[in-house]
Amino acid sequence: MKNKDQAMAAACDAEVVIAGGGPVGMGLAIELGQRGVRTIVVERYPQPQPIPKGQNLTQRTMEHFHFWGAEAQLRAARTIPKEYGIGGLTAHGTLLGPHSYDWLQRDLVKPYYFTGNERLPQYATEAVLRERVAQLPSVQTVYGWEAKAVVQDADGVTITIAERGGSGERVLRSAYVVGADGARSLVREQAGITQTRTDHDRMMVLLVFRSHGLHQLLERYPGKSYYNVLQPELKGYWKFFGRVDLGSTWFFHAPVPPGTTRDNFDFTAYLQDAVGAPFDVEFEHIGFWDLRFMLADRYRRGRVFVAGDAAHSHPPYGGYGVNSGLEDARNLGWKLAATLQGWGGERLLDSYDAERRPVFASTISDFIARSIDTDREFLDAHDPARDKAAFEAAWNARAQGAVGEVHAFEPHYEGSPVVWDSAGRSSSAKGSHRFDARPGHHLAPALLPSGRNVYEEFGTGYTLLAFGASAQEVQAFSDAAAAQSLPLTVVQAQGPGEQERYNARLVLVRPDQFVAWVGSGAEVEGDQAREVLQVAAGVPVEVATA
């Protein structure tokens with residue numbers, strides 16, 4: 001079947017067509033393109049749209065940019081000086097009021113990742129991704145076009161694309177199609193992938209404005225780039241300010257009454273009420289959106305996949321959206337490449353849904369929706385005008401909880417069918433950051449005795465970390481990988497170093513830096529090495545016969 005698929009893919013316009021060239025679509029194109037997969041990206045907008053959303057890029061997301069060869073370019077595109085910081089703040093009542101604390105201090109988990117986090121507008125991120133895609137000969141971009149129809153059969157997918165604002169129409173044929181075309185995904189709908197929606201019955205406004213006065217007012221909070229205001233009348237929903245640059249441009253989103261338009265609401269007063277003082281405002285954009293959660297009921301249907309907002313969407317609370325979407329791209333990209341190149345099995349493709357969908361369901365329930373409910377309960381129970389001492393005690397407790405949230409958000413794939421020893425476990429966004437190597441979890445960086453970081457030694461396929469393992473064990477894995485045509489890089493280290501905190505002699509690391517298997521016990525022989533690699537690649541396990 002693999003040979004048939006490979007032959008069929010070779011006769012197509014592309015092996016993978018991606019509908020949607022925002023950050024997720026472009027990230028996926030890079031992941032595929034760097035692996036030599038012939039890819040076409042269809043994107044409706046010739047240029048990135050100048051709306052400053054999706055600004056907070058986590059340490060994990062920056063690991064993607066590192067491996068995509070675009071980390072330095074992304075950091076150079078930053079619109080706020082590096083020394084200013086990327087921290088956040090939560091305030092009660094108004095930003096200039098007496099009660100506030102640091103929020104989403106992602107620097108607290110920096111030791112568990114190879115790269116530091118970053119902050120810049122999504123359009124700047126998209127520009128960097130587009131530039132990187134243009135450098136990849138196996139990726140073709142079609143700007144100014146969008147998907148119109150998607151039909152799949154046993155041998156591939158036919159996707160009809162139309163010129164946006166014109167009369168042109170083309171038909172493309174590919175082995176797989178990925179819908180990265182947003183919350184109103186045509187690809188998702190055409191594939192018959194249903195979704196579960198939770199409407200929080202809130203109309204939201206997105207404002208982009210210029211103000212030098214607001215920068216001066218908030219200089220009391222050095223190093224902060226985004227500000228979150230809790231007010232009792234909003235019932236747990238936020239008024240949220242974010243810097244686009246340092247000193248002049250801002251964005252703001254918050255609930256507004258149903259029926260609000262650009263012309264029937266005083267947005268300047270609304271902003272000033274959240275800050276607690278008057279300041280100059282010059283609007284550049286006023287838009288609206290509905291606050292709701294959406295989760296696709298499956299991320300795969302046959303040869304069609306969905307990723308990013310096409311698979312999941314939620315209120316922009318905590319910067320989870322763009323980071324989750326880019327993780328989708330990283331997770332799916334190497335699996336598609338493995339299948340097209342003949343060493344990955346169907347279980348590997350199925351694991352995309354098994355890993356990523358439960359993680360986002362947990363992101364919704366354990367973090368975003370929970371934070372709204374928790375804020376509502378806090379505001380109902382505590383009021384500084386009613387009982388200042390009780391309020392301040394509860395407020396200080398919230399500040400400590402904000403630290404815990406950063407540590408607890410640790411997406412993992414313990415329930416994955418391609419992770420060893422996953423029976424009875426479940427993938428989730430809720431976990432704990434640790435240095436020891438655990439199957440299904442992201443591998444923390446470590447300095448090797450050579451002085452290089454283990455992240456600098458990873459191959460493009462699987463990597464076997466062999467720390468004190470025998471030559472026979474290493475050979476067993478090398479032989480098994482060769483027999484399966486599975487790309488395997490072996491990294492060996494002897495002597496004291498940070499690799500000791502993995503608490504394992506052998507660690508099998510996936511191409512996305514998640515751990516597939518850990519060997520800490522008895523000597524590993526050839527049959528077990530073969531079985532470990534077969535599980536990791538999603539192919540049927542061959543049982544040895546006498």
Check: Side chains of Glu146 and Leu186: closer than 4.5 Å at any heavy-atom pair?
Finding: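 No; the side chains remain at least 4.5 Å from each other.
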Note to self: Would you say that Leu95 contacts Leu89 through its side chain, given a criterion of any heavy-atom pair below 4.5 Å between the two side chains?
What the structure shows: yes
Next item on the list: Give the C-alpha distance, both sets of side-chain angles, the deciding distance and a yes or no for side-chain contact (heavy atoms from CB on, under 4.5 Å) between Gln55 and Val244.
Entry: CA-CA 8 Å; Gln55 301 215 62; Val244 179; 4.2 Å; yes
Notebook entry, point to check: Considering residues at least two apart in sequence or located in another chain, which fulfil the salt bridge (Lys or Arg N to Asp or Glu O under 4.0 Å) criterion with Arg132?
Noted result: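 Salt bridge (Lys or Arg N to Asp or Glu O under 4.0 Å) list for Arg132, sorted by chain: empty.
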When you compare the side chains of [X] and [Y], does any donor N or O come within less than 3.5 Å of an acceptor on the partner?
X: His312; Y: Arg356; result: no
X: Thr79; Y: Asp245; result: no
X: Glu414; Y: His441; result: yes
X: Ser313; Y: Asp309; result: no
X: Glu126; Y: Gln122; result: yes

Hey, can you tell me if [X] and [Y] have their rings parallel, tilted or perpendicular (30° and 60° cut-offs)?
X: Tyr227; Y: Tyr221; answer: tilted
X: His433; Y: His407; answer: perpendicular
X: Phe458; Y: Phe67; answer: tilted
X: His99; Y: Phe391; answer: perpendicular

Item checked: Sequence neighbours excluded - side chain to side chain donor-acceptor pair (under 3.5 Å) pairs with any residue from residues 272-284 -> Ser211-Asp280, Gln231-Asp273, Lys239-Asp273
Item checked: Test side-chain contact (heavy atoms from CB on, under 4.5 Å) applied to Thr90 and Trp395, step by step -> CA-CA 10 Å; Thr90 292; Trp395 187 254; 4.1 Å; yes
Next item on the list: Looking only at non-hydrogen atoms, find the nearest pair between Val322 and Asn56 and report the distance.
Entry: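 That would be CG1-O, 4.1 Å.
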Item checked: Minimum-distance pair of heavy atoms, taken over all atoms of Ala77 and Ala124 -> O-CB, 4.3 Å
Using atom types as modelled and distance alone, determine if a side-chain donor or acceptor of [X] lies under 3.5 Å from a backbone N or O of [Y].
X: Asp512; Y: Asn331; answer: no
X: Arg188; Y: Ala183; answer: yes
X: Ser100; Y: Ala91; answer: no
X: Ser362; Y: Pro358; answer: no
X: Glu355; Y: Asp353; answer: no
X: Arg119; Y: Arg243; answer: yes
X: Glu498; Y: Ala446; answer: no
X: Ser450; Y: Arg452; answer: yes
X: Gln513; Y: Pro511; answer: yes

Item checked: Sequence-distant partners of Asp375, side chain to side chain donor-acceptor pair (under 3.5 Å), two or more places apart -> Trp238, Arg398
Next item on the list: With sequence neighbours excluded, tell me which residues meet side chain to side chain donor-acceptor pair (under 3.5 Å) with Arg164.
Entry: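 For Arg164 there are no side chain to side chain donor-acceptor pair (under 3.5 Å) partners, ignoring immediate neighbours.
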Checklist line | Salt bridge flag under 4.0 Å for residues Asp373 and Arg370 | finding: no
Check: When Phe435 is tested against each of Tyr112, Tyr502, Tyr113 for ring pair (Phe, Tyr, Trp, His ring centres under 6.0 Å), which residue passes?
Finding: Tyr112
Next item on the list: Among Trp250, Tyr270, Phe252, find the one that has a ring pair (Phe, Tyr, Trp, His ring centres under 6.0 Å) with Phe241.
Entry: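 Among Trp250, Tyr270, Phe252, the one that satisfies the ring pair (Phe, Tyr, Trp, His ring centres under 6.0 Å) with Phe241 is Phe252.
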Checklist line | Residue pairs fulfilling salt bridge (Lys or Arg N to Asp or Glu O under 4.0 Å) with at least one residue in residues 225-236, sequence neighbours excluded | finding: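 Counting only pairs at least two positions apart or across chains, no salt bridge (Lys or Arg N to Asp or Glu O under 4.0 Å) contact touches residues 225-236.
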Check: Can you check side-chain contact (heavy atoms from CB on, under 4.5 Å) on Tyr455 and Glu63, steps first, answer last?
Finding: CA-CA 9 Å; Tyr455 268 65; Glu63 288 181 353; 3.7 Å; yes
With a 3.5 Å cut-off and sequence neighbours excluded, list the donor-acceptor pairs that the side chains of residues 24-33 form with protein atoms.
unit_1, atom_1, unit_2, atom_2, d
Glu31, OE1, Trp68, NE1, 2.7
Glu31, OE1, Arg330, NE, 3.1
Glu31, OE2, Arg35, NE, 3.2
Glu31, OE2, Arg35, NH2, 3.0

Next item on the list: Applying side-chain contact (heavy atoms from CB on, under 4.5 Å), run through His92 and His382 and close with a yes or a no.
Entry: CA-CA 11 Å; His92 180 270; His382 302 286; over 6 Å; no
Note to self: Please report whether the ring centroid of Tyr413 lies less than 6.0 Å from that of Tyr352.
What the structure shows: no
Note to self: Would you say NZ of Lys388 has more than 12 non-hydrogen atoms from neighbouring residues, nucleotides or ligands within 6.0 angstrom?
What the structure shows: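 Atom NZ in Lys388 is not packed in, count stays at 12 or less.
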Next item on the list: May I have the step-by-step check of side chain to side chain donor-acceptor pair (under 3.5 Å) for Thr249 and Arg210, ending in yes or no?
Entry: CA-CA 4 Å; Thr249 311; Arg210 297 178 63 83; 3.2 Å; yes
